[in-house]
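Quick note on labels: first sequence line is chain A, next is B, and so on, each numbered from 1. Note that these values count all heavy atoms, side chains included, but never hydrogens, waters or copies made by symmetry.
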Amino acid sequence: MTDDDYGAIPEQARDRWRQLVSVINEARNAYYQHDAPTIADDEYDRAFRELLELEERYPQLQTGDSPSLSVGGRRAEMFAPVEHLVRMYSLDNAFTDDELEAWLQRVSKGAGQVGDFLCELKIDGLAVDAVYVDGRLRTLATRGDGRVGEDVTYNAAFIDAVPKVLSVAKGASVKQVPPLLEVRGEVFFPVAAFDRLNVEQLAMGASPFANPRNAAAGSLRQRIDRRQQDLAEAESKAGERGKSKVERLRKELDLAVGRLAELRFTVHGIGAIDGASIQRQSQGYTLLAALGLPTSERAKVVPDAAGVRAFIAHYGQHRHDVEHEIDGVVVKVDDLAVQAQLGETSRAPRWAIAYKYAPEVVRTRLLDIAVNVGRTGRVTPFAVMEPVRVAGSTVSMATLHNADEVVRKGVLIGDMVFLRKAGDVIPEVLGPVVEVRTGNERAFVMPTTCPNCGTALRPEKAGDKDIRCPNARSCPAQLRERLAHVGSRGAMDIEGLGDKSAAALLDCGLVQDEGDLFALTEQDLLRCPFFTREPSKGETGTQLSENAKAMLAQIDVARTRPLWRVLVALSIRHVGPTAAQTLARTYGSLRAIADAETAELSQVDGVGGVIAEAIREWFAVDWHRAVVEKWYANGVQLTEERVQTGPGLLDGLTIVITGSLPGFTRDSATAAVTDRGGKAAGSVSKKTDLVVAGESAGSKLDKALSLGVPVVGPDGFAALLESGLPAALANRTDGPQA
DNA sequence: CACCCTCGAGTTCA
DNA sequence: CTCGAGGGTG
């Protein structure tokens, strides 16, 4: 039983097809009408390929308006599709050393004798396919989907680095030029040319290219033919008036051609070849070089896995000493017989891998610096950037902390900026690429009034770097953020109460502030479309959505949360989980804390004059006290039994937990420590007694090792909770020192 | 009064 | 993760 021809088409497939068609058509329109792609090329290719596959399976889908029927559609008008003689595979990636080792293992298992490896740099450029017939360039095409690419032969004429005619070098081992030769390589801009190009782009008022790959693709895609036609046309009917137009067109053509001339080309593979036989990949390179094709001087044959590691390590150190940008190293099994033995998967050869260097710094355009108002009124500038892929995800925003920080980083709005992921997670703007400044950039000016409520901003205290919106009572941003904070994991932990629902509750007028939260009823929520859904069969009237019901249930459960969570939820300045826990433990009720003298409060460990005063001031505000009263009236528990904890197993110990531990969440692991009288600190210092490192532990582990703080794994953590520090230390994983 | 250690706050993307 | 800033110690 097959789905072919007359089988029913699953609804999913039809939906997906519609989705793909709209993505593709949209991308084509954007590209041809505005010359500005909405999606990345590989995304387009992926969508197109998926469409073809889908239509192959369900031919009924291929209606007359499918983009697949106009192969490349309008794209074909630009650059005709070219089928590669031999399919161009993509390469599997290794992002970590472990993945590299796994590949080395697989290779040695899959082949009896692997022999040499060929290591080469992975150039950040555009993969192309060149076909030479009788030594003459017949076609140059982009990689496309690996089977079919776009014909850019016309432009190839202007790329000096791509040989148009091959000839045999004197003294070469080959006797003659092969009658048919298909080579693969990378077209790229050297870093210096790339920077110049971006300066040019900016001068023309166009966006700079984010990376050399985009620049190479953009340059290769230029309609040189059309520009030439336009120029010829203008010249033929050039009156006095048309003269400036001719000049302009000529200048543009020169620029476009000049760009192509700056492209470099490095070959790194053979597709089809007639009239020559080779046994090794490296031998192939020698042959190509002998024919006058540009091969990399940096490719190196190494005898074993150790050689591979050394090559990778070397260029990891000297990444930026090369004239082009490198995103990694390609490792290939050199022996073609072994390559054949290992074979290919459906998408990539098993005999090669692309090792990608890990910590990435990319460039992108700083479009704007906007400001955000947080729950405490703090005004934080953040960078709004052209979305760019860095270290595994697409980033478009990054915090800039405060106005001083913007000045310190020296970035201007409109700058090209360096961006990285700090700790591989949090995007961080490093600074501007000053070389490509045009003078059109403008400095960021910190607003003086709140963008949300218009209140004049001011620092809380003289000398503070942060400036704040003092309108805590009615600034919409602060209200929303505070409300969402009540629901957050560190506070009352109400699932379903986040930014979105907080905004909805306020917009619909269901709450005036966080005080009304615990009085919410089903009837209330029904008045707000955000929390409702259409009635299904058999129901009458608008219904509460499942999410809304769940949120109400969570709000109900939250009424009996421990006192410290209530304290955190109130957003009292400087009172976070740690201070709240000591306060709750010391006083046992919110009333006692509200009534305490500042002198008394500041005796509490971790609470000093500033925090004590902040607490007193908070409770002195009428509407703050009203919040507490409303919560109390609606059943929120404001006291807790002071559990007399006997001497704990971990009394006086400071433990830092990093990474993920099997069987624990971050919170439950810290709770396990504090329950036993220990202190679960957030950062490692000399005072740390023990670091518990779980899966994928990060910089804290490094810090511990450098400070000589003992480190244990999950086993050690179990021992710690069971029988204390000495038992845990028996499980040290950092190489115990005496 | 330095300094170091912590905490709080804001924050990104899938 | 990073910055700012409070708390505590020498």
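Listed pair A:Asn372 / B:dG10 fails the phosphate criterion, with no side-chain N or O lying under 4.0 Å from OP1 or OP2. At least one side-chain nitrogen or oxygen of A:Thr376 sits closer than 4.0 Å to the OP1 or OP2 atom of B:dG10. Residue A:Asn402 has a polar side-chain atom (N or O) positioned under 4.0 Å from OP1 or OP2 of C:dG4. Under 4.0 angstrom from either OP1 or OP2 of B:dC13 there lies at least one side-chain N or O belonging to A:Ser396. Considering only side-chain N and O atoms, A:Arg573 lies nowhere under 4.0 angstrom from the phosphate OP1 or OP2 of B:dG8. Taking 4.0 angstrom as the limit, A:Thr578 places a side-chain polar atom (N or O) nearer than this to OP1 or OP2 of B:dG8.
As judged by a 4.0 angstrom heavy-atom cut-off over every strand, A:His574 is placed among residues touching the sugar-phosphate backbone only.
Set against C:dC3, B:dG8, B:dA14, the side chain of A:His401 has C:dC3 as its closest nucleotide. In the set B:dT12, C:dG7, C:dA5, C:dA5 carries the atom at the smallest distance from any side-chain atom of A:Lys465. Of the candidate nucleotides B:dT11, C:dG7, C:dG8, C:dG8 has the atom nearest to the side chain of A:Asp605. Set against C:dT2, C:dG6, C:dG4, the side chain of A:Asp466 has C:dG4 as its closest nucleotide.
Residues A:Met492 and A:Leu497 form no side-chain contact, since every pair of their non-hydrogen atoms from C-beta on lies 4.5 Å or further apart. Between A:Leu601 and A:Ile611 the shortest side-chain heavy-atom distance does not fall below 4.5 Å. Within the 4.5 Å cutoff, side-chain heavy atoms of A:Glu481 are placed close to those of A:Asp499.
To the nearest angstrom, P of B:dT11 lies 18 Å from CZ of A:Arg489. Here the C1' atom of nucleotide B:dA9 and the CZ atom of A:Arg375 are 7 Å apart, to the nearest Å. Atom CG in A:Asp404 sits roughly 14 Å away from atom C1' in C:dA5 (whole-Å rounding). Taking atom NZ on A:Lys686 and atom C1' on C:dT9, their separation rounds to 12 Å, with Å as the unit. One can place CZ of A:Phe382 at 18 Å from C1' of C:dC3, the figure rounded to the nearest angstrom. The CZ atom of A:Arg468 sits 14 Å away from the P atom of B:dG8 (whole-angstrom rounding). For the pair A:Ile611 CD1 and C:dG6 P, the interatomic distance rounds to 9 Å; values are reported in whole Å. Per the geometry, CG belonging to A:Leu400 stands 19 Å off P belonging to C:dC1, to the nearest Å.
Around the CD atom of A:Glu613, the shell of radius 6.0 Å holds more than 12 heavy atoms that belong to other residues, nucleotides or ligands.
Map A:Arg378 and A:Met397 each onto its nearest nucleotide of DNA chain B; the residue landing nearer the 5' end is A:Arg378.
Atoms OG and CD, from A:Ser571 and A:Glu514 in turn, are 6.5 Å apart once rounded to the nearest 0.5 Å.
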